[in-house]
Each structure stands twice: as structure tokens, then as C-alpha cells.
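Let me begin by presenting the structure, written as C-alpha cells, before commenting on it.
All residue numbers in this chain count up from 1 along the given sequence. Both counts, for ligands and for their atoms, begin at 1 and track the order of listing.
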Amino acid sequence: MDLLSRPLLNVGIMSGTQIEFSLPKGAERRQVSLVDGCVCYQGRLYPSLEFNVGSFTLYGVTIGVDFHWERSRDLDYAGILSFIVEGDKITAVNKVDVEEYLLSVISSEMKSSAEVEFLKAHAVISRSWVLSQLRSRRENKAKVKAARPKGMVDSPKRHIQWFDHEDHTAFDVCADDHCQRYQGLCMAVGENVRTALQETCGEVLVYDGKICDARFSKCCGGTTELFSTCWEDVDYPYLQSVKDPFCDTSDPDILSQVLNDYDLETRDFFRWEQRYTQKELSELVRKRSGVDFGTIEDLVPVERGASGRIKRLMVVGSKRKMEIGKELIIRRWLSESHLKSSAFEISREGTDFVLEGKGWGHGVGLCQIGAAVMASKGYGYKEILAYYYPGSEIEKRYE
Ligand SMILES: [Zn+2]
Ligand SMILES: [Zn+2]
């Protein structure tokens, strides 16, 4: 593959019919609003609008959309601000140097006090992911959507759906957990994060000369999962299921390296339990799925992935039976927000349902807690990456 020059990335930050912002950051508030399908700014209409004054503030940015840590913040950013119209909303897009973007992503995702080798591993996979997004979107803009539609089988008997990153058409990546959490300049960047990025500048993970789809999640629960359990029905040689003896930890020093403060609200992730009365579960599933199952009488795993994550689950109600999947649908339909993972056993206590689960997230690729433990035991970032992405190599794509 050709060497890339250091690319600029288009990051979709927020959408709305009205967006408040400041130029430069912290200055007086201004606003744009949607009028007649255009961006209306100071009484004039524009098809799109771009500001390049070096920095800006956006007000009321939602982070953790739909997750239990969802909250709204005012955030500062570096680089160019543009407003584009997408459907019936305006989207604020930040054009930013890819290494700048990564500085913020790594700082948003993890504590800057984390071990350098762990941060380096994360820098490489975050960079790999974002460069592969950029390349596939720009090379096959039209083709991508046509060739890889969002997976969906919806019939009265089956609802199998998955979500991947191809959703964005107007920008490269979004700023939330759907892609990678990006909170602009608001994250204080620590020395370790800066070092990790400088020492791995331009390095990506490759397999057979192609940039890897380097997925990662919070905690695999003891075994990592296969791609096909969560997304499209394909698997990759470097995303095998591996045993992870590292992530069973409750060491607060390690956890505080990986989990930001609001993530520390969730500590029970290696093993967890969720209980529902039959009535609670029946109402919850009706509310979350929009499907009236009547009273839920049973939950039967139909197929599990290599880590134990349920890929297809039979929901048996008094009015109907339906097979649902993949893992994210199962996590959404069985929780007010999201179950931590779909790796759970189901038992009954009287009429109550008890879900005993392991892990947090889809479990594919690098396990963040496990990788942090490996770094604390003295493993280098290359060893960590080789462990979670067997057969992959590291290649420098730009200086
Ligand atoms: Zn996204
Ligand atoms: Zn793990």
C-alpha cells in the first residue's frame, strides 16, 4: 500500500436543528439553525459553513449516547469547524489532524496515568482503526453502502440485526462510543499519552499487508470473541478467540488506568448478575423491542460465540416466540440501557429471571483491562498486540 501523508480526519461531533458554539473556544456564544434545508447563520442561509480560527467550543455535546453513562457537556476543540446539513439536521464536523485526534481519543478513553506500553498498544489500534475507516470510506464511498448494508433480518419469527461503522456518509467517524470517544481539547493530555503517540507515530497493525480491523472492548471476561458473533458473518485470522488469563482483576490501580471516573461507576464487569421479576422482564422487553411477547416465559440461547456470548437468543413469550440477535440487540432488548455483555447464563428463581454474565462489551480483539494488566506485568506493546491479534504485524505508514 502507498504511504499515506498525515491525513486530516472529519469527525462528526453533534447534530441538531440548532447548534450553539463559540469561536475561538470560550468566546461569546453564536448559533446556527436549520432553515429551509440550509445552515442559517446571522440571518443568512448557507448550504454548508466552515470556520477556521484554530479552536472552537460546542455547547451541549452528548457523550455516551444511549449508554448508562450518557451526559451532556460543553467541549472545546482544535482545528476546523464545519456545519453541514444531513437530512433534517445540521451536523457539526471537526476537521482535525489524525495524530491530534488520537491524542484526544486516547486521553478520553483512558487515564493518562496508564502504563506507557498499554497506551502505545492502544495508540496503534486506534490509529489502525481510524486509518482503515478513512481509506475504505474515501476509496469506495458509494460502494461501501451498497456492498455492506447494515445487517438485518426482520420477520415475525426472527430479528437478527447488527450495527457497524459504515453508517456515516457525511464524515469519517463520529465522536462517540459508536466509533471512538473523542472529546476534543477538554481532556487533559498527560505525559504518558504524548509519549505513547510520539513513539508509535504512524504505526498501524497489519495482516497480509492490509490494515487490521483492530476491534477492542473493555473486558472480554476470560476469552475473546469472534467478529461474526457481533457483526457481519465473516471472520479474520487475526481476530481469533484467545484465552485471556489477565483481565480477572479488581486491582484499583489497574482499573483506574483503564476506566475514566464515570466508568468506575461500573466495577462489576468480569462477573456480573442481573435479576428481573417475570413482570419486569416482560415489560422491559416490550418497551425496548416494540414487540408484544405477552408474558416472557423463557429465554433460550440458540447459538453462542467462542467466548460464550450469545449470538442468537430465543425469546419465548405467551403471545409469540422470536429468535433475536446479534449480541448488541440481545444486550439492548434485555436492559434499560445495555447489558454489559451477551455472555450470560439464564436461570430461574421462582418466576424471577437471573442472568449471570461475564465481561463488558463485545469482547472482540484487544481486551482493555487484560492489556493494562499485561503492561503492568512488564509486557511491551508489541507483545500485547501480538497476543490479542495473533499473526498481525506493526508497520509504520507515515512519519
Ligand atoms: Zn460512529
Ligand atoms: Zn480479557
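Across every non-hydrogen atom of Ser335 and Leu339, the tightest pair is CB-N, 3.4 Å. Residues Phe227 and Val234 approach most closely at CD2-O, 3.3 Å, considering heavy atoms.
Restricting Asp244 to its N, O or S atoms, the one at the least distance from the Zn ion (ligand 2) is OD2.
Within a 6.0 Å sphere centred on OH of Tyr379, other residues, nucleotides and ligands contribute 12 heavy atoms or fewer.
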- [ ] With ring pair (Phe, Tyr, Trp, His ring centres under 6.0 Å) as the test, would you mind laying out the steps for Phe83 and Tyr41 before giving the verdict?
- [x] CA-CA 10 Å; Phe83 293 108; Tyr41 177 60; 7.9 Å; no
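Rounding to 10 degrees, one finds that the Zn ion (ligand 1) sits at the corner of an angle of 110° between Cys174 SG and Cys179 SG.
Residue side and main chain included, Cys247 places an N/O/S atom under 2.8 Å of the Zn ion (ligand 2).
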